[in-house]
Amino acid sequence: MQLEDRIKACLQHEVPKHMAIIMDGNGRWAKKRGLPRIAGHHEGMKMVRKATKLANRLGIDVLTLYAFSTENWTRPKPEVEYIMKLPEQFLTTYLPELVEENVKVDMMGTKDRLPFHTKVAIEKAMEDTKENNGLLLNFALNYGSRSELICAMQQMLRDHEQGVFNAHQVDEDTFRSYLLKPDLPDPDLLIRTSGEIRLSNFMLWQLAYTEFYFTDVLWPDFTEEHFVEAVEAYQKRSRRYGGVRNDGG
Ligand code: IPE
Ligand code: IPE
Ligand code: MG
């Protein structure tokens, strides 16, 4: 079936409300071609644009893209510096398009360690798209789930000391309210490209009941067809959340 028909068919069924992608394999994509790793990061940016457009078309509410982890700072300095230029490059080129397409840009992660120019680019994109109410494009940048959970715990302990709540009042909703994006629904579908079958410190709390889709395709090779394939696979899954379906299945 042609891509257009497959997209139409996807639209006949429930699409994930929140889709998250661990965009992995840029370095290996470049290595295979005898190019420096940064060439892979540059190429990967093109797919970010395509994924955003397609997610928007499919009526997905939130697309969270894992762009840089708290552990990625351990990479060689020139690579880190290059990656930190990408938000600026991406947004300089595509911000008008995002505004036009009603996409709202957001960021999940700690801004304090980001270079000034990276922060400025993201803040401008957030400001320019703040009135938009189409797809929420959530960049996980300098994001690490353990760090998120520790910060949540620290703030909870401070609030507890202040008498904001008692220990027995803490439930899942209370805990969630201390996470970085408490208002986002949990991801329905998580994709990881490049053949690695691990989470690499990504959204450990939020992924408790998420459907996982792992593919060997490297992120810069991940086409719209691959994206649709993941959504089709999701639509065939039976989510039970520990219960049984009405038909007993
Ligand atoms: C993902 O691609 C991008 C980031 C982590 C920033 P990688 O750079 O991890 O590519 P591989 O896994 O080395 O191929
Ligand atoms: C996870 O990929 C982080 C991003 C895609 C941004 P990594 O390449 O950093 O993960 P590991 O090191 O293979 O676990
Ligand atoms: Mg990697």
Side-chain angles (χ1 to χ4, degrees), residues 18-52 55 62-91 93-94 105-115 117-119 121-122 125 136-150 179-181 184 187 189-207 210 212-223 226-227 230:
H18 183 175
M19 188 154 148
I21 309 183
I22 302 176
M23 309 182 289
D24 197 14
N26 294 350
R28 276 163 285 170
W29 181 92
K31 195 171 175 223
K32 261 173 58 182
R33 287 161 178 77
L35 299 167
R37 291 179 56 84
I38 57 169
H41 298 312
H42 185 260
E43 192 65 23
M45 206 170 54
K46 296 181 190 164
M47 192 50 215
V48 170
R49 179 191 181 210
K50 288 188 193 156
T52 304
V62 186
L63 178 65
T64 296
L65 299 177
Y66 202 8
F68 191 86
S69 76
T70 45
E71 288 71 34
N72 288 148
W73 293 107
T74 59
R75 294 189 178 200
K77 205 164 169 249
E79 180 175 346
V80 170
E81 279 174 1
Y82 185 81
I83 295 172
M84 286 300 151
K85 283 188 192 135
L86 289 177
E88 213 174 334
Q89 267 190 43
F90 178 79
L91 293 165
T93 320
Y94 300 124
V105 177
D106 203 356
M107 183 195 137
M108 177 172 76
T110 327
K111 278 194 203 138
D112 54 9
R113 215 177 152 182
L114 300 180
H117 60 92
T118 315
K119 236 184 305 197
I122 290 175
L136 179 71
L137 178 58
N138 182 34
F139 284 106
L141 192 63
N142 189 22
Y143 175 82
S145 186
R146 287 185 173 177
S147 147
E148 177 185 34
L149 295 170
I150 297 286
L179 297 177
L180 288 170
K181 297 287 165 199
L184 292 190
L189 172 63
L190 170 79
I191 299 173
R192 181 170 188 151
T193 58
S194 91
E196 308 300 354
I197 317 287
R198 55 175 171 260
L199 294 178
S200 303
N201 201 12
F202 191 54
M203 300 185 91
L204 302 177
W205 167 276
Q206 300 89 335
L207 294 174
T210 301
F212 289 180
Y213 183 89
F214 293 102
T215 169
D216 287 342
V217 177
L218 304 174
W219 175 249
D221 289 330
F222 192 78
T223 60
H226 293 118
F227 189 110

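Just so you know, ligand 1 is whichever comes first in the structure, and atom 1 is the first atom listed for that ligand. Just so you know, residue 1 is the first one in the sequence shown, and it goes up from there.
No side-chain donor-acceptor contact under 3.5 Å links Arg49 and Thr93.
When each atom of ligand 1 is checked for a heavy atom of His41 under 4.0 Å away, the hits are 3 (C), 8 (O).
Atom OD1 is the N, O or S atom of Asp24 at the shortest distance from the Mg ion (ligand 3).
Residues with a heavy atom under 4.0 Å from ligand 2: Ile22, Met23, Asp24, Tyr66, Ala67, Phe68, Asn72, Arg75, Arg192, Arg198, Ser200.
A distance of 5.5 Å separates CZ of Phe212 from CG of Leu190, quoted to the nearest 0.5 Å.
With contacts defined as side-chain heavy-atom distances shorter than 4.5 Å, the pair Gln206/Pro187 qualifies. By the 4.5 Å heavy-atom criterion applied to side chains, Arg75 and Arg37 are counted as neighbours.
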Trace of the side-chain contact (heavy atoms from CB on, under 4.5 Å) decision for Phe202 with Tyr143: CA-CA 8 Å; Phe202 191 54; Tyr143 175 82; 3.9 Å; yes

Stepwise salt bridge (charged side-chain N to carboxylate O under 4.0 Å, His left out) check, Glu196 with Arg28: CA-CA 12 Å; Glu196 308 300 354; Arg28 276 163 285 170; 3.0 Å; yes

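In terms of heavy atoms, Trp29 sits closest to Ala39 at CZ3-O, 4.0 Å.
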